[in-house]
Number of protein chains: 2
Amino acid sequence: MVSMKDIATKCNVSVATVSKALNDRNDVGEETREYIKKTAKEMGYSPNSLARALRTNRSYNIGVLFVDEGRSGLTHDYFANVLDSFKAVVEDHGYDLTFINCSKKREPRLSYLEHSRYRGYDGVVIACIDFSDPEVIELANSDIPLVTIDYMFNNHSGVVSNNYAGMTELVKYIVSKGHRKIAYVCGEDTAVTRNRLAAFYKVLEENNIEIPDDYVMHGAYRSINRTEKFTDALLDRPDRPTCILYSDDYSAMGGLNSVRRHGLSVPEDISIAGYDGITLAAKLQPSLTTIKQDTQAIGEHAAIKLLNLIEHPRTEALEQIVVDGTLVPGKSVAEIK
Amino acid sequence: MVSMKDIATKCNVSVATVSKALNDRNDVGEETREYIKKTAKEMGYSPNSLARALRTNRSYNIGVLFVDEGRSGLTHDYFANVLDSFKAVVEDHGYDLTFINCSKKREPRLSYLEHSRYRGYDGVVIACIDFSDPEVIELANSDIPLVTIDYMFNNHSGVVSNNYAGMTELVKYIVSKGHRKIAYVCGEDTAVTRNRLAAFYKVLEENNIEIPDDYVMHGAYRSINRTEKFTDALLDRPDRPTCILYSDDYSAMGGLNSVRRHGLSVPEDISIAGYDGITLAAKLQPSLTTIKQDTQAIGEHAAIKLLNLIEHPRTEALEQIVVDGTLVPGKSVAEIK
DNA sequence: TAAAAATGCGAAAACGATTAAGGAAGGTTT
DNA sequence: AAACCTTCCTTAATCGTTTTCGCATTTTTA
């Protein structure tokens with residue numbers, strides 16, 4: 001490994017001068033600067049982020065905390081897309097992305113905060129996790145710049161998709177198609193779920209639609225199997241709904257399967273709708289009516305916000321950034337005469 | 001930030017002693033060690049990986065290079081699962097995972113190798129990328145421990161899924177169902193594709209099955225749209241195949257759509273099969289016959305191999321680790337009378 | 001022309017850890 | 001009692017940078 005010292009020796013200057021030349025500082029002669037840069041290139045110099053970070057207290061490294069049922073959250077389509085977009089932006093700005101170690105086996109185990117200090121992250125992005133986890137809260141209460149996705153801590157910035165508006169649009173659309181017996185198999189009780197549920201009831205109320213309480217079932221996100229069971233229950237009722245909403249597109253597939261197992265078809269007999277708008281949704285038969293989340297925008301906003309918090313901590317306001325989704329009307333919701 | 005220096009001051013010992021106590025070295029008195037550890041905990045000490053790495057030349061950080069069409073590869077179901085498994089293992093061993101910056105915009109742009117040196121990665125895992133990229137080759141020719149996934153450099157270890165065996169099993173199964181007019185919409189020309197194709201032809205040959213050359217079409221991986229077009233072409237032929245294989249499960253969905261658009265149904269009129277065995281495959285209607293890749297095993301093997309290369313560079317053999325997939329017989333391939 | 005200002009560079013400390021070498025105190029062996 | 005180990009701790013160097021301060025030298029200003 002060739003270091004600044006090697007370059008300094010070769011160029012007959014001091015290490016300080018090399019550093020200044022390579023960093024384009026102004027107290028070094030034009031000629032010397034060029035010579036040093038040229039020599040550095042020739043010698044195949046590459047900087048050492050560790051030393052630099054140690055000295056400057058800036059690692060240009062961002063920690064990402066995505067945990068999904070003990071796994072990384074990588075396998076979660078929606079979050080993988082958000083992360084992908086986030087990553088692109090921060091990398092363009094010279095930052096790298098490191099996963100915050102969430103191994104439970106490691107000895108000694110570091111908490112999320114300890115791990116973040118250990119690696120010297122300049123900032124942290126959190127998504128797709130149990131936000132009531134004490135370790136997450138500890139991290140949120142630290143002085144490390146932080147943005148959350150799809151959740152808001154009261155003293156931090158976050159990016160949330162507009163679940164209320166999205167659900168409103170979706171339910172309005174469904175109502176406009178003539179449905180009045182609408183069921184909703186929603187996800188676990190989270191902020192996201194609560195917003196959607198509020199919108200769901202609101203639109204029904206506005207349209208003077210009353211549904212049995214147990215038309216709303218608390219399922220789980222991304223669980224095809226559980227959703228299938230819930231749908232079975234709904235379909236076995238005497239007052240069967242004409243349309244069923246699901247927490248996400250995956251879950252909707254569970255519904256689709258259940259409907260078919262009952263010898264019924266979508267959308268002729270039962271209409272269904274998902275949420276998220278994953279690539280696949282449009283490719284299903286019938287194509288799924290859903291709300292497409294703008295994962296690209298969510299990732300970008302989160303990245304830009306975090307970078308600003310890191311680089312301009314004084315002037316950057318804490319805010320909640322709301323990203324709208326868009327209705328993608330597929331073929332899975334039929335018009336009721 | 002409390003450092004060893006602070007602990008040393010508080011405990012009235014030298015920094016060296018603190019370091020040795022916390023690292024459980026044996027030239028520290030039992031009593032002192034305990035006292036130091038206790039104090040460290042009380043003071044909320046957390047180590048600094050940057051300083052440690054700078055001094056020891058070991059970052060306990062692993063670089064991951066996943067690039068998919070200019071994106072991170074995160075959105076690629078198969079690789080996301082492999083990475084997830086890889087991550088779990090290395091994290092259990094105290095290593096962290098950082099993405100190798102692949103931004104094209106960043107100024108100055110570091111090559112993959114330069115970036116790896118910059119961050120001081122102890123090792124690197126590469127998958128899902130154009131392996132003929134000069135930068136990838138530069139990285140492979142460096143002295144950084146390396147494992148590849150689904151590709152082999154001749155002087156490095158790698159983990160590959162057993163595409164030859166998988167495809168053999170799949171085609172044999174299909175032949176056993178009575179199919180003789182079998183088409184294959186395969187992916188781009190990569191090592192993976194070539195192995196599968198070889199197996200495909202081999203099994204046909206063994207069964208004295210001859211197919212028109214243009215039953216084999218070179219499509220792309222994970223492109224539902226392109227696959228749909230290719231399938232259209234196959235179905236419009238007078239000598240229409242009875243079964244079509246696809247490069248992956250996503251692509252198979254494109255096929256499914258095309259078949260249905262032709263007013264035909266799967267598997268009654270046309271049988272189809274995918275590859276990879278993504279979660280969704282089993283949930284499609286009809287459930288997709290496919291080869292399930294053992295992403296868990298692939299990730300684990302890659303991780304263990306890399307850790308061994310890092311920690312025991314002398315004794316660790318270079319090898320190709322082959323991971324078998326398993327046939328998942330769905331309902332998408334019918335028996336032909 | 002003398003004083004003031006600007007320019008270009010180096011010395012050295014610092015960031016937070018690890019580790020080789022050495023030394024004092026006490027115990028054990030001859 | 002001399003010689004020799006152990007045990008436990010310290011000193012100091014080191015990793016590769018950045019950055020403050022100061023010192024020449026040159027240029028500008030009065």
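Below, each value reflects all heavy atoms present in this structure, side chains not excepted, and no hydrogens, waters or symmetry copies. Below, chains carry the letters A, B, ... as their sequence lines are ordered, and counting in each starts from 1.
Separating the CG atom of Asn26(B) from the P atom of dT7(D) is a distance of 9 Å, rounded to the nearest angstrom. Atom CZ of Arg25(B) is separated from atom C1' of dT19(C) by 7 Å (rounded to the nearest Å). Atom-to-atom, CG of Asn48(A) to P of dC15(C) comes out at 18 Å; the value is rounded to the nearest Å. Atom CZ of Arg52(B) is separated from atom P of dT18(C) by 5 Å (rounded to the nearest Å). As rounded to whole Å, 14 Å separates atom C1' of dT18(D) from atom CZ of Arg58(A). For the pair Glu34(B) CD and dC8(D) C1', the computed distance is 15 Å after rounding to whole Å. A straight line from CG of Asp24(A) to C1' of dG8(C) spans 16 Å, rounded to a whole angstrom. Rounding to whole angstrom units, CE of residue Met43(B) and C1' of dG16(C) are separated by 14 Å.
At dC9(C), one or more side-chain N or O atoms of Thr32(A) fall inside 4.0 Å of OP1 or OP2 (strictly under the cut-off). Note on Ser19(B): a side-chain N or O is less than 4.0 Å away from OP1 or OP2 of dT18(C). Contact annotation: Tyr45(A) side-chain N/O to dT17(D) OP1/OP2 distance is under 4.0 Å. The phosphate of dT10(D) has OP1 or OP2 within less than 4.0 Å of a side-chain N or O from Thr17(B). OP1 or OP2 of dT18(C) has at least one side-chain nitrogen or oxygen of Asn23(B) nearer than 4.0 Å.
Of the two residues contacting DNA chain D, namely Val28(B) and Arg55(B), the nearest-nucleotide position lying further toward the 5' end is that of Val28(B). Between Val13(A) and Ala51(B), the one whose closest nucleotide on DNA chain C sits nearer the 5' end is Val13(A).
Ser49(A) comes within 4.0 angstrom of nothing in the nucleic acid, heavy atoms only. At a threshold of 4.0 angstrom between heavy atoms, the contacts of Ser14(B) include nucleobase atoms, whether or not backbone atoms are also involved. Residue contacts for Asn12(A): at a heavy-atom cut-off of 4.0 Å it reaches the sugar-phosphate backbone alone, with no base atom in range.
For the side chain to side chain contact (heavy atoms under 4.5 Å, CB included) criterion with Val124(A), the lone passing option out of Val64(A), Ile62(A), Ile100(A) is Ile100(A).
For dT10(D), its base sits under 3.5 Å from the side chain of Lys20(B) at one donor and acceptor pair at least. For Asp27(A) and dC9(C), a side-chain-to-base donor-acceptor distance below 3.5 Å is present, hydrogens and geometry of angles not being considered.
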(message) Let's go through Thr190(B) and Tyr221(B) carefully: what are the C-alpha distance in whole Å and the side-chain angles of both, what is the deciding distance for side-chain contact (heavy atoms from CB on, under 4.5 Å) to 0.1 Å, and is it a yes or a no?
(response) CA-CA 10 Å; Thr190(B) 63; Tyr221(B) 284 101; 4.3 Å; yes

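The two residues Cys102(B) and Lys87(A) have their closest heavy-atom pair at SG-NZ, 3.6 Å.
Cation-pi contact between Arg33(B) and Tyr35(B): absent, since separation from the ring centre below 6.0 Å together with deviation from the ring axis within 45° is not met.
Checked by atom type and distance alone, the side chain of Asp122(B) pairs as donor or acceptor with a backbone atom of Ser59(B) at under 3.5 Å.
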